[in-house]
Peer 1: 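Provided herewith is a single structure, encoded as structure tokens, for subsequent inquiry.
All ligand and atom numbering here is 1-based and tracks the order in the structure.
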Amino acid sequence: MHDACGVVGVSFQEAGNVAKSIYYALYALQHRGQEAAGISVHDGKSIRTHRGMGLVSEVFDDAQISLLRGSVGIGHVRYPTTGRSCIENSQPLLVKYKDGAIAVAHNGNLVNSSQLREQLEQTGDIFYSTSDTEVIAHLFVRELLRHDLLEAVRALMHKIVGSYSLVFLMGDTVLGLRDPLGIKPLCFGKLDSGYVVASESVAVDTLNGCLVRDVKPGELIVLKQGEMKSYQLAHLPNPAHCVFEYIYFARPDSILDGRLIYDVRVNIGAKLAEEHPADADTVTPIPDSGITLAVGYHQRSCISYRECLMKNRYIGRTFIMPDQNMRETAVRLKMNTIRPNIEGHKLILVDDSIVRGTTSRRIVNMVRKAGAEAVHVRIGSPPILAPCYLGIDMASRDELIAAHKTIPGVEAVINADSLGYVSHKGLVDAIGIPAENLCMGCLTGVYPVEIPGEKCIATQTKLSEYIDSESLKGPA
Ligand code: AMP
């Protein structure tokens, strides 16, 4: 299952209502997941959890928040995935064992989860969900029964392969752990009275905190009674930060690995303008994903920026979809055209990515119908050729249009006058991180971890060698 999610953990120095802070942080991370939300807090004696399906605003109200008393806790928002959509798969996930209870929230995807699960099941473990987070929780408990905390985390890291930004709640302690490749983001910040660890810095901003830095790949952060300790448990030569976080997933006002996402996207837009100029009079985004890229294209090309499409942001989960013969109504309800900005104009239509090609085709046809004279589509990522196994819920290889068609082929399907994707080099330069420090699996088909049937970056096949292990140094 591919989980692109949002996680947060907060520890206050003094008694306080941590659930409220977590709730606000989850609101800031809502773009990372709209399917389910949950919060776990430790009230001094035990862990209380509230989880539900839907948006943060639908899952929590004042009464629920006030029941979650405590000064330390974690939270999670879950992305709609191709996996099973059910409450059992929502998080934080709580496991109880002989020495206590652990709540865990996970952003990422393990590539060896089914093998690990099979091994655990063979020795009697019983699973309640289909999520790989439960596999992590079971493995962690097993290691905690044999080792101290740090060694248990190291042992866990030796077993699980894939992307994981994890927050654990164990008694009065919050742990934040980022996988040795730093695939999914995780950062931490200082609050007036305590610390926060979160998927994106917008959560730190929302709590009026101060971003300290990203959690390093392979680093464990321990927050206890408002104090922070850090342990570097793995030392890989190259990280593999997810390129799609920069292109699409993270919010433009977040700072990832020291870079403001807004600036990165303006840079990508500028690269697009250099690499793919067009005879046009208007640069316009597909909202919201194309907005910052279009700003960059406009600034570099000096072609006017005009909004031509308006998105309705209030179509929630409970919206009753019109039936087949009202399809057109449904489409127009989601996105409408600003006709005078389109009629007789030559447009440069900018978006972040083409996955199946449905969005681009639909919108090109929509602006043509509204009278566009020409539609030049510009895309802020190179063609998406291969599936993501590491946490972005994209599509299978069969569904990816660029896996089966050439660029002129895609151009024809989406009915554009011209189609330009940013180049690999343009993208990497715009981000400002060397290509060897990025995961570009979806753009190259070469992954930073071993996946059966897929190509792997040669230097990354011995991941385990770079993870510390005290117990491997001498007899246990
Ligand atoms: P498609 O219509 O399948 O070509 O998808 C492309 C559109 O989906 C673009 O407008 C993107 O902004 C958006 N998109 C790309 N990746 C994702 C994702 N993982 N989840 C949701 N939307 C996405």
Side-chain angles (χ1 to χ4, degrees), residues 1-6 29-35 55 77-83 85 107-109 163 183-185 199 242-252 261 264-265 268-269 272 284-294 297 308-313 315 317 330-331 334-335 348-367 375 377-405 407 409-416 419-422 427 439-443:
M1 186 175 352
H2 297 195
D3 279 4
C5 302
L29 298 174
Q30 185 77 83
H31 63 289
R32 299 188 67 84
Q34 303 89 41
E35 188 188 73
L55 299 172
V77 283
R78 187 182 143 88
Y79 204 68
T81 66
T82 48
S85 164
N107 170 208
N109 194 60
S163 64
I183 298 173
K184 303 311 293 175
S199 292
C242 167
V243 77
F244 217 63
E245 290 280 343
Y246 291 96
I247 296 168
Y248 168 80
F249 214 70
R251 247 169 66 162
I261 297 293
V264 168
R265 293 195 187 147
I268 298 173
L272 263 175
T284 198
I286 294 186
D288 295 323
S289 46
I291 292 175
T292 319
L293 300 161
Y297 196 110
C308 295
L309 297 155
M310 269 301 134
K311 188 173 171 175
N312 188 330
R313 297 194 175 87
I315 298 181
R317 243 174 15 109
V331 170
K334 280 189 190 165
M335 188 90 79
I348 292 170
L349 185 63
V350 187
D351 202 7
D352 65 294
S353 58
I354 295 179
V355 181
R356 297 174 183 82
T358 11
T359 308
S360 311
R361 189 178 57 236
R362 182 163 51 76
I363 290 178
V364 169
N365 288 336
M366 194 182 246
V367 294
V375 189
V377 174
R378 297 293 178 264
I379 300 295
S381 71
I384 295 175
L385 305 168
C388 176
Y389 299 94
L390 293 165
I392 298 281
D393 185 35
M394 206 104 80
S396 66
R397 192 172 254 115
D398 284 351
E399 296 167 311
L400 294 170
I401 189 168
H404 307 288
K405 291 199 183 292
I407 294 175
V410 178
E411 186 181 280
V413 169
I414 66 169
N415 193 20
L419 168 64
Y421 291 92
V422 78
L427 174 67
C439 174
M440 301 215 281
C442 59
L443 310 177

Peer 1: For Ile286, state whether at least one heavy atom is located under 4.0 Å from any atom of ligand 1.
Peer 2: no
Peer 1: Contact between Ile384 and Phe244 at the side-chain level, heavy atoms closer than 4.5 Å - yes or no?
Peer 2: yes
Peer 1: With the threshold set at under 4.0 angstrom, would you say Ser360 reaches ligand 1 through any of its heavy atoms?
Peer 2: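 In this structure, Ser360 fails to qualify as a contact of ligand 1 - no heavy atom is under 4.0 Å.
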Peer 1: Leu419 and Ile379: side-chain contact (heavy atoms from CB on, under 4.5 Å), yes or no, with the steps?
Peer 2: CA-CA 8 Å; Leu419 168 64; Ile379 300 295; 4.0 Å; yes
Peer 1: With backbone taken as N, CA, C and O and side chain as the heavy atoms from C-beta onward, which portion of Val355 lies under 4.0 Å from ligand 1: side chain, backbone, both, or neither?
Peer 2: both
Peer 1: When you measure from atom 17 (C) of ligand 1 to every protein heavy atom, which one gives the shortest distance, and what is it?
Peer 2: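 Nearest neighbour among protein heavy atoms for atom 17 (C) of ligand 1, to 0.1 Å: Tyr248 CE2, 3.6 Å.
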Peer 1: Under 3.5 Å, N or O to N or O, is Ile392 touching ligand 1 that way?
Peer 2: no
Peer 1: Is it true that Glu245 and Arg32 make a salt bridge, defined as a side-chain N closer than 4.0 Å to a carboxylate O?
Peer 2: yes
Peer 1: Is Ser289 touching ligand 1 with its side chain, its backbone, both, or neither, if touching means heavy atoms under 4.0 Å apart?
Peer 2: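 It is the side chain that gets close, since no backbone atom is under 4.0 Å.
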Peer 1: side-chain contact (heavy atoms from CB on, under 4.5 Å) for Tyr421 and Ile354? Distances and angles first, verdict last.
Peer 2: CA-CA 9 Å; Tyr421 291 92; Ile354 295 179; 3.9 Å; yes
Peer 1: Hey, is Phe249 one of the residues with a heavy atom under 4.0 angstrom from ligand 1?
Peer 2: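 No.
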Peer 1: When you look for heavy atoms under 4.0 Å from ligand 1, do you find them on the side chain of Phe244, its backbone, both, or neither?
Peer 2: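 Just the side chain.
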Peer 1: Quick one: look up the protein heavy atom nearest atom 8 (O) of ligand 1 and list residue, atom name and how far away it is.
Peer 2: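 So the nearest neighbour among protein heavy atoms is Thr359 OG1, 4.3 Å.
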Peer 1: Using heavy atoms and a threshold below 4.0 Å, how should the contact between Asp352 and ligand 1 be classified: side chain, backbone, both, or neither?
Peer 2: side chain
